[in-house]
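Hydrogens, waters and symmetry mates are skipped; everything else that's a heavy atom, side chains included, is used. Here is how names work: the chains are called A, B, and so on, in the same order as the sequence lines, proteins then strands, and each is numbered from 1.
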2 protein chains.
Amino acid sequence: MAASPSLDPTELGAYLALIEVSSLVRHAVEQQLREAADLSYVQFQLLARLGDSPSGCHRMTDLADGVVYSRSGLTYQAQLLEQRGLVTRAPSRDDERSITVTLTDDGRAVLARTFPGHIEVVRRLLFDALTRDDVEALGGVLGRVRDHMRATPPRSAAPRRRRGSGSDSP
Amino acid sequence: MAASPSLDPTELGAYLALIEVSSLVRHAVEQQLREAADLSYVQFQLLARLGDSPSGCHRMTDLADGVVYSRSGLTYQAQLLEQRGLVTRAPSRDDERSITVTLTDDGRAVLARTFPGHIEVVRRLLFDALTRDDVEALGGVLGRVRDHMRATPPRSAAPRRRRGSGSDSP
DNA sequence: GGTCGTTGGTACGAATTCGAAGCAAACGAG
DNA sequence: CTCGTTTGCTTCGAATTCGTACCAACGACC
């Protein structure tokens, strides 16, 4: 283990700014969404992801992994969305244990109705202070980080069991 | 109001990457902190902020605003930290209704013990994929955004009352 | 074709989170 | 000085969140 894997002031500053900015954005967006469509941020993210998909559907696990959420939490949210008629849940044909979540027309409508306001808040908060170059730099760097994080380490859902000592053998 | 304040693909990508990266970092860090010191992320942030302060103390409200947390949530967390002896709470001398939260020696010790591991995770996740220039660009841009967000709009704690119709007069 | 380990999802309980309501101290105008 | 307003914090109830335990379906292997 490294004795002092300390961060430069620059790195520390970047990290703190990242957390602070994302918290503030989240907070603001959350209020806007709640007020405009009575959706939590996760719910909106789920709808957005489904709307983005060509098929308009996804497996539960992929959704949970995508929005970085616990599986049980996703079950809860999916139930809520289903009760409101914004999504449908049905077992997959390929894999009997998979549940396929599909965006309904109502869901798509809500998404379409909510998106502009959401975007507006984000633009005002995030991009009004930035130049074109800033935005490109930001996107580039964060994209690289995302790829890095999604590649190597444990995914959103940690491996099911956690054996005491070192070697978990296949 | 703008008819379509839509975001470029570039902007949208940057926004999504920001949310995704921050979520992943938060998630990873949270697990590490829980495991290493049985601290939630907020708790750690609070300790860190107090440790950063020259006086080692802050008002409740300033802490809540700093970490972007509800006031009631902060009360809860502060109680928890106080029970564990990591902070002290005492009414302020200047202002009888303010509570001053102060880091104890134990708290400082826990912070010192926990910091390296925390930093290590952040470095591995966030900075191992980045060049020096990347880090500087990231910090610069995000710093600018933070200043922008902290400046203009509603702070973490929304104004107390929200009158029905238009004119709230001073 | 049976068995073991893995994966996808759900129920349950415990802990957290937030907003609204409430209370007391401080401030400002008259 | 006194009243109305604002600010700082806590309590309360309701909703969310997560981890863990659990069940069912899949897959590999013998």
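A distance of 6.0 Å or more separates the ring centres of B:His148 and A:Phe127. Two rings, from B:Tyr69 and A:His27, have their centers 6.0 Å or more apart.
Within the nucleic acid shown, A:Thr61 comes within 4.0 Å of sugar-phosphate atoms alone, with no base atom in reach, counting heavy atoms only. Among the protein residues, B:Ser98 comes within range of the sugar-phosphate backbone only, with heavy atoms under 4.0 Å from sugar or phosphate atoms but none that close to a base.
Between B:Ser72 and B:Arg97, the residue anchored closer to the 5' end of DNA chain D is B:Arg97, taking for each the nucleotide with the nearest heavy atom. Nucleotides of DNA chain D nearest to A:Glu96 and A:Val42 differ in position, and the one nearer the 5' end is that of A:Val42.
The base of C:dG19 lies outside donor-acceptor range of the side chain of B:Ser70, with no N or O pair under 3.5 Å.
Nucleotide D:dA25 holds its P atom 11 Å from the CD1 atom of A:Ile99, rounded to whole Å. The nearest whole Å value for the distance from the CG atom in B:Asp95 to the P atom in C:dA26 is 5 Å. Across the protein-nucleic acid pair, B:Arg71 atom CZ and C:dT16 atom C1' stand 19 Å apart, rounded to whole Å. One can place OH of B:Tyr41 at 17 Å from C1' of C:dT16, the figure rounded to the nearest angstrom. For the pair A:Arg34 CZ and C:dG19 C1', the computed distance is 10 Å after rounding to whole Å. The interatomic distance linking A:Gln31 (CD) with C:dG19 (C1') rounds to 10 Å, in whole Å.
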Step by step, work out the side chain to side chain contact (heavy atoms under 4.5 Å, CB included) result for B:Val101 and B:His58.
CA-CA 5 Å; B:Val101 182; B:His58 275 306; 5.6 Å; no

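One finds a salt bridge joining A:Asp62 and A:Arg59 here, because a Lys/Arg side-chain nitrogen approaches an Asp/Glu carboxylate oxygen to under 4.0 Å. Ionic pairing of A:Arg84 and A:Asp106 is not present here: no N-O contact between side-chain nitrogen and carboxylate oxygen is shorter than 4.0 angstrom.
Judged as a side chain to side chain donor-acceptor pair (under 3.5 Å), and not counting sequence neighbours, B:Thr100 has no contacts.
Side-chain contact of B:Arg26 with A:Ser23: a donor-acceptor pair under 3.5 Å is present, judged by distance alone.
Residues from residues 73-90 of chain B lying near DNA chain D, meaning a heavy-atom separation below 4.0 Å, are B:Thr75, B:Gln79, B:Arg89 in numerical order.
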